[in-house]
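Below: one structure, written as structure tokens.
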Amino acid sequence: MKSKNEIQQICDILRKAYPDVKTQLLHRNPFELLISTILSAQCTDRQVNGVTPALFRVYPTPDALARAPIKKIEALIRPTGFFHNKARNIRACAAALVDRYGGVVPHGIEELVALPGVGRKTANVVRSAAFGQAAVVVDTHVKRISRRLGLTRHEDPVKIEFDLMAKVPEAEWNDLGLRMIYFGRETCRARKPDCPNCPLFDLCDYPEKTA
DNA sequence: ATCCCGAGGG
DNA sequence: CCCTCTGGAT
């Protein structure tokens, strides 16, 4: 396991590598961030960024999206994959925003997770990136990295989330998950981790790491 | 040809 | 727990 000092070093190195992860997201309004986060499941940023400008031009508000024909939504988001599920989910999500919250994205984890298409990962991205709340985002990148680094032994994402909150200083929570996601895509990849170029190599417990 | 890996549903 | 949904990367 990791000492307090090692954990702080990990946070510092990740901050240096990904200084502005959140500012890229903060300029978006919460509705757009929520919908684009739902769309980002299982696909690259490029795929999502390719469809969201047109999507939000045509359907700029929860009310507009809630009334959209499902086929129109599907046509707009097709390149992101799983487009049947995602189209149904984002429309139902928009409708729930209108019905339950007057078209305003709620701040609470319980309210967010209760929205169609929104799980804990998406909810925590919105909480941390749109509302600046202290939340640790845990997706499979974070899970994999946390286990490789030796920050947790858990497998369950919720246990990992609480484990990280217990070990990492609260000031770091908000950016940690987002930074790990970028780090996980570029360096600490699932299939072929780029250990030779990894800034965390010396702090990592991953047994199969390659020099 | 197989893996990626979020959310919902069985 | 298990499976399914899609396009892209490898």
Side-chain angles (χ1 to χ4, degrees), chain A residues 21 25 28 30-55 62 65-66 70-97 99-100 105-106 108-130 135-149 151-152 154-162 164 176-198 206 208 210:
Chain A
V21 269
L25 300 170
R28 301 200 195 214
F31 167 67
E32 292 191 7
L33 179 63
L34 172 60
I35 298 302
S36 52
T37 304
I38 295 174
L39 294 179
S40 74
Q42 254 44 56
C43 73
T44 61
D45 279 1
R46 213 176 142 279
Q47 286 170 280
V48 178
N49 294 336
V51 307
T52 46
L55 179 67
L65 187 56
I70 207 78
K71 292 291 179 198
K72 292 279 217 177
I73 302 176
E74 288 182 351
L76 285 164
I77 68 170
R78 180 165 299 115
T80 68
F82 296 162
F83 60 88
H84 271 113
N85 292 342
K86 288 178 181 175
R88 189 169 21 81
N89 284 340
I90 65 174
R91 190 174 72 171
C93 182
L97 288 176
D99 291 346
R100 299 174 196 172
V105 179
I109 180 81
E110 297 302 329
E111 289 84 352
L112 286 164
V113 168
L115 294 167
V118 179
R120 198 172 178 92
K121 182 258 180 177
T122 301
N124 277 334
V125 168
V126 171
R127 292 210 301 144
S128 77
V136 174
V137 175
V138 178
D139 71 345
T140 52
H141 293 294
V142 177
K143 181 173 160 179
R144 178 179 71 250
I145 294 161
S146 299
R147 292 179 53 80
R148 284 179 179 172
L149 284 172
L151 290 173
T152 188
H154 291 301
E155 199 65 47
D156 171 26
V158 178
K159 285 183 181 168
I160 293 176
E161 183 183 325
F162 282 96
L164 290 174
L176 182 67
L178 263 12
R179 290 194 173 120
M180 279 191 181
I181 290 170
Y182 279 83
F183 174 62
R185 290 198 288 230
E186 296 174 9
T187 304
C188 197
R189 299 175 293 236
R191 281 218 244 181
K192 176 187 150 271
D194 190 14
C195 300
N197 293 311
C198 180
Y206 187 45
E208 292 97 62
T210 50

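Lettering follows sequence order; numbering is per chain, from 1.
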*Tell me, do A/Leu65 and A/Ile73 make a side-chain contact under 4.5 Å, heavy atoms counted?*
yes

_Using 0.5 Å steps for rounding, measure from the CD1 atom of A/Ile77 to the CG atom of A/Asn89._
9.0 Å

*asked:* Treating primed atoms plus P, OP1 and OP2 as sugar-phosphate and everything else as base, which nucleotides of nucleotides 1-10 of chain C get B, S or - for protein heavy atoms under 4.0 Å?
replied: ----BBBSB-

*Given B/dC4, is OP1 or OP2 found less than 4.0 Å from the side-chain N or O atoms of A/Arg185?*
no

*With a non-hydrogen cut-off below 4.0 angstrom, is A/Ser40 in contact with a base, only sugar-phosphate, or nothing?*
nothing

Between the protein and nucleotides 8-10 of chain B, list the N/O to N/O atom pairs that are separated by less than 3.5 angstrom.
residue	atom	partner	partner atom	Å
B/dG8	OP1	A/Gly117	N	2.5

_Could you tell me how far apart A/Ile160 (CD1) and B/dC5 (P) are, to the nearest whole angstrom?_
13 Å

*Derivation and outcome, side chain to side chain contact (heavy atoms under 4.5 Å, CB included), residues A/Val138 and A/Lys121*: CA-CA 6 Å; A/Val138 178; A/Lys121 182 258 180 177; over 6 Å; no

*At their closest point, which heavy atom of A/Leu39 faces which heavy atom of A/Thr80, and how far apart are they?*
O-CB, 4.0 Å

*If we only count heavy atoms from C-beta on, is the A/Val125 to A/Val137 side-chain gap below 4.5 Å?*
yes

*asked:* Roughly how many Å apart are B/dG10 and C/dT6, using the P atom of each and rounding to a whole number?
replied: 16 Å

*Hey, are A/Lys86 and A/Glu74 close enough for a salt bridge, meaning a charged N less than 4.0 Å from a carboxylate O?*
no

*Once you round to the nearest 0.5 Å, how far does NE2 of A/His141 lie from CZ of A/Phe183?*
12.0 Å

*Check the distance between B/dG6's P and A/Ile90's CD1 and give it to me in whole angstrom.*
18 Å

_For A/Glu111 and A/Arg100: C-alpha separation, side-chain torsions, deciding distance, then whether salt bridge (charged side-chain N to carboxylate O under 4.0 Å, His left out) applies._
CA-CA 9 Å; A/Glu111 289 84 352; A/Arg100 299 174 196 172; over 6 Å; no

